[in-house]
Number of protein chains: 2
Amino acid sequence: MTVTIYDVAREANVSMATVSRVVNGNPNVKPSTRKKVLDTIERLGYRPNAVARGLASKKTTTVGAIIPDISNIFFAELARGIEDIATMYKYNIILNNSDQNKERELQLINTMYEKQVDGILFMSDTISDEHLEQFKGESVPVVLATTYDENDKLPSVNIDYEKAGYEATKYLIDQGNERIAFVSENEEAIINQLKYKGYIRALKEAFLPINDDYIIHGQYTHDSGMKAAEQLLKLDDRPTAVFTASDELGMGVIHGAQDFGLKVPEDLEVFGFNNTRLSTMVRPTLTAIDQPTYDIGAVAMRLLTKLMNKEEVEESTVILPHRIVKRNSTK
Amino acid sequence: MTVTIYDVAREANVSMATVSRVVNGNPNVKPSTRKKVLDTIERLGYRPNAVARGLASKKTTTVGAIIPDISNIFFAELARGIEDIATMYKYNIILNNSDQNKERELQLINTMYEKQVDGILFMSDTISDEHLEQFKGESVPVVLATTYDENDKLPSVNIDYEKAGYEATKYLIDQGNERIAFVSENEEAIINQLKYKGYIRALKEAFLPINDDYIIHGQYTHDSGMKAAEQLLKLDDRPTAVFTASDELGMGVIHGAQDFGLKVPEDLEVFGFNNTRLSTMVRPTLTAIDQPTYDIGAVAMRLLTKLMNKEEVEESTVILPHRIVKRNSTK
DNA sequence: ATGAAAGCGCTAACAC
DNA sequence: GTGTTAGCGCTTTCAT
């Protein structure tokens, strides 16, 4: 049925070993026999079986990517970065959604090991000891992307979220705002806590009071942003600015404010996070922290290729630069 | 080093075959020995090697998905549908972006075959004879999602795009519009042509003239929509309504019109396509054809599982229902 | 430069 | 109900 390396060897009057050498670009083959083998490969329509190769060589050239939710535009952009670099280095990606459910994550990691992936890219809100233990048990390299390991054990690619949170808040303060809200996602996610820390640091530095009414944790969704806006704007001393933990939230807050009858940025300034394509898809366009999403994926994948290849890496905890992109949702 | 089935067999005083039976849930094992085996599996930390299993059984429980661009929100939602059902049936997905580049697609399909995937999910704008030939050569089942094969050779999951295009246009006609533009994506994509056909049919049926100035082909992006709006609104007899081939385009047209100083829907009605999350993330919210994106992915994957399992399928060309979701971008 | 042969870890007859 | 054995298709020493 299917053509194997053995068939090619027989037809070309050489050994399997020689065919294998040709297929794998081993230089120790006389040009004439190389041509002969190549010709019969062509003639028979031989195609190497990656599974057999994987079993024999203990390398599958596939890496597992565990992502919270691919339908989230942020992770979709990140995944594209991963994928492009993976392709460049001839790796395939096995993609899985975890919904940041710990049990599911642990189970997915296990499946990846069963499939003998050469490396793992992991994204989540929290890295527990169980995660660490599971990773430690194997010799498969792991890289975290937009994910913090508090113990700093695992290679990772991130931006400085605390600093970004600080800068966004400070920006709003410098605009003259004194009542600034913080609308974010899952309260327990480390990254959210870092943004929060930055927010608090900026407030304290400016001797502004911290008002718990201004701090809202919800989902990362547009809808959650709308609800947050409604809740904030009903307050007696409503905020004059909102720092949101994602663009989608920022968009929601803008629309929530508009539906409430307010003008953005005149009555309420809104600051987003990530600078996904969404930020230019609202009116007014969204001022935001630019997180180089695609690049984070790309750099993480690149780092992983080095690790899989056992190359020396100078620094395995990489922090990419971020910046503020000023648009029209702030004055 | 790694624990194999052989180690388990030795430690449990049974044969590899018995261990294999236990691992694969074969009922022909005495409960007591099953327990014994399970215990030593636990004790040794044995984990089956899917690659070896794949080689021996000729099944990898992996399917390849070739998608135009995962960072496109439409495909991201579709991919989520695929992934969820794949997980349900214990399959893993190898995800690849093709950018609808034919050479790349062909090459990706080849890689999937090398990796011995059990099935392929394929999405693109066009199915050429070369595609067909490549698919035909193997016994690996293929399912198309939101992709038309004009020769109707391959199983597929779609909606009736011609009808949807007709209904959207007719809706705008029934609103009293006589000058209706059509803003779409890649002109050569079959699906686009179907939407276009529906648009034309509705116009003809209403005895409305077909104006080439009103027909614009661009990208699927927000930006492309904005440019299209600008181009249309500069016309002397500018349209009073626009039917767009995607939500992102629709969003762009809305913003383009607003930037032009017009009000939507008062001065210009806008009709979108897909009903992704984006449609509720604009102001005014976007009236659109609801294409059950997630479901298309889910149904396609489900169909593929049946095909891989050699089950009889009653109908392998499935057309899912669509509907019009009325929002505020139309009067 | 080429070949022979021993696995890689598992499944799947087949035998008992 | 359990064991034996022959592959699956390839890589990788080790010879020559």
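Each chain gets a letter, A, B and so on, in the order its sequence line appears, and its residues count up from 1.
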Below 6.0 angstrom between ring centroids: does that apply to B/Phe74 and B/Tyr220?
->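 No: the rings miss the under 6.0 Å criterion.
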
Is the distance from OP1 or OP2 of [N] to the nearest side-chain N or O of [X] less than 4.0 Å?
{"X": "A/Thr33", "N": "C/dA1", "result": "no"}
{"X": "B/Tyr46", "N": "C/dC10", "result": "yes"}
{"X": "A/Asn28", "N": "C/dT2", "result": "no"}
{"X": "A/Thr18", "N": "C/dG3", "result": "yes"}
{"X": "B/Lys58", "N": "D/dG9", "result": "yes"}
{"X": "A/Ser15", "N": "C/dA4", "result": "no"}
{"X": "A/Asn49", "N": "D/dC8", "result": "no"}
{"X": "A/Ser57", "N": "D/dT12", "result": "no"}

Side chain of [X] only, please: which of [options] is the nearest?
{"X": "A/Thr2", "options": "D/dC10, C/dT2, D/dG9", "answer": "D/dG9"}
{"X": "B/Ala52", "options": "C/dG9, D/dT11, C/dA12", "answer": "C/dG9"}
{"X": "B/Lys30", "options": "D/dG1, D/dG9, C/dA13", "answer": "D/dG1"}
{"X": "A/Ala17", "options": "C/dC10, C/dG3, D/dC10", "answer": "C/dG3"}
{"X": "B/Ala56", "options": "C/dC8, D/dC10, D/dC8", "answer": "D/dC8"}
{"X": "A/Ser20", "options": "D/dT5, D/dT12, D/dG9", "answer": "D/dT12"}

Heavy atoms under 4.0 Å, any strand shown: does B/Val14 hit a base, just sugar-phosphate, or nothing?
->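 Sugar-phosphate, backbone atoms only, no base.
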
So what does A/Val51 hit on the nucleic acid, given a heavy-atom distance under 4.0 Å: a base, only sugar-phosphate, or nothing?
->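 It contacts nothing in the nucleic acid.
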
Taking for each residue the nucleotide of DNA chain D bearing the nearest heavy atom, is the 5' side occupied by A/Pro48 or by B/Asn13?
-> B/Asn13

Is the backbone of A/Val63 close enough, under 3.5 Å, to the side chain of A/Asp118 for a donor and an acceptor to pair up by distance?
-> no

Ignoring hydrogens and angles, state whether a donor on the side chain of A/Glu105 or A/Ser124 is under 3.5 Å from an acceptor on the partner side chain.
->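 Present: a donor and an acceptor within the cut-off.
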
With A/Asp39, the salt bridge (Lys or Arg N to Asp or Glu O under 4.0 Å) member among A/Lys35, A/Lys36, A/Arg43 =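 One option only clears the test, and that one is A/Lys35.
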
